[in-house]
Amino acid sequence: MSSQGYVQASPPEVATPAGAWKVFWCLYFGGAVSCINFMKVPPLMPVLIGYFKVDLASAGLMMSVIGITGLLLALPAGIFVMRYGIKVVGVIAMACSIAGCLLGAMATSYPVFLVSRGFDGISFSLLAVVGATCNGVWFPPRKVGI
């Protein structure tokens, strides 16, 4: 009861849509793969330097490419979600993740490996926006923090 004798009404409980948890787990595992892709280079850096025969500055670029794509996609990613929808952008992000993994695994030259890292960066950047958007769209306000 409040100080004036009125009972505070709590907002009605909103049910979580049926597909919300499926979407959550797809994004969760997609985000985990994207994070693993992001961090796959540092432990392998000495091997990659020897394999591609590059100097330390070029080796550092293997990590910086993801940051550069993130910088370039920071604002447009939100616009893409508004224009094309969460599902389309999410599928594009997952496709970029797959492309980055496959291209990186088969890369025999440094430029091809950098392109694969670019795909990883696109995936990483888009999934960050899609994940946050899905959280607010698919889950009721009381469950957003979960």
Quiz item: Is there a donor-acceptor pair under 3.5 Å between the side chain of T69 and the backbone N or O of I66?
Solution: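 Side chain of T69 to backbone of I66, a donor-acceptor pair under 3.5 Å: yes, one is there.
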
Exercise. State whether the side chain of R117 and the backbone N or O of F38 hold a donor-acceptor pair below 3.5 Å, judged by distance alone.
Key: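 Judged by distance alone, yes, a pair lies under 3.5 Å.
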
Quiz prompt | Option passing side chain to side chain contact (heavy atoms under 4.5 Å, CB included) with F113 (candidates V65, V41, L103) | solution =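 Exactly one pass, corresponding to V41.
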
Practice problem: Identify which one of V130, V129, L127 satisfies the side chain to side chain contact (heavy atoms under 4.5 Å, CB included) criterion when paired with V89. | Solution: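 Only match with V89 under side chain to side chain contact (heavy atoms under 4.5 Å, CB included): V130.
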
Tell me whether [X] shares a hydrophobic cluster with [Y], the cluster being built from Ile, Leu, Val, Met, Phe, Trp, Tyr side chains joined at under 4.5 Å.
X	Y	answer
L27	Y84	yes
F124	V115	no
L72	I122	no
L61	M63	yes
F80	V91	no

Is [Y] close to [X] at the side-chain level, that is, under 4.5 Å between some pair of heavy atoms?
X	Y	value
F139	F24	yes
M94	S123	no
Y51	T108	yes
K40	D120	yes
Y110	S58	yes

Quiz item: Do you know the tightest heavy-atom contact between V54 and A59?
Solution: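 What the structure gives for the nearest pair is CG2-N, 4.2 Å.
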
Practice problem: Walk me through it: do F119 and I98 pass the test side-chain contact (heavy atoms from CB on, under 4.5 Å)? | Solution: CA-CA 9 Å; F119 280 115; I98 292 168; over 6 Å; no

What distance do [X] atom [atom1] and [Y] atom [atom2] have between them, rounded to the nearest 0.5 Å?
X	Y	atom1	atom2	answer
M106	C101	CE	SG	11.0 Å
N37	S116	CG	OG	8.5 Å
S109	L114	OG	CG	9.0 Å
L56	I49	CG	CD1	5.0 Å
L73	I79	CG	CD1	11.0 Å

Practice problem: Return the orientation label for the Y28 and W25 ring planes: parallel under 30°, perpendicular over 60°, tilted otherwise. | Solution: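 Ring orientation, 0 to 90° scale: perpendicular.
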
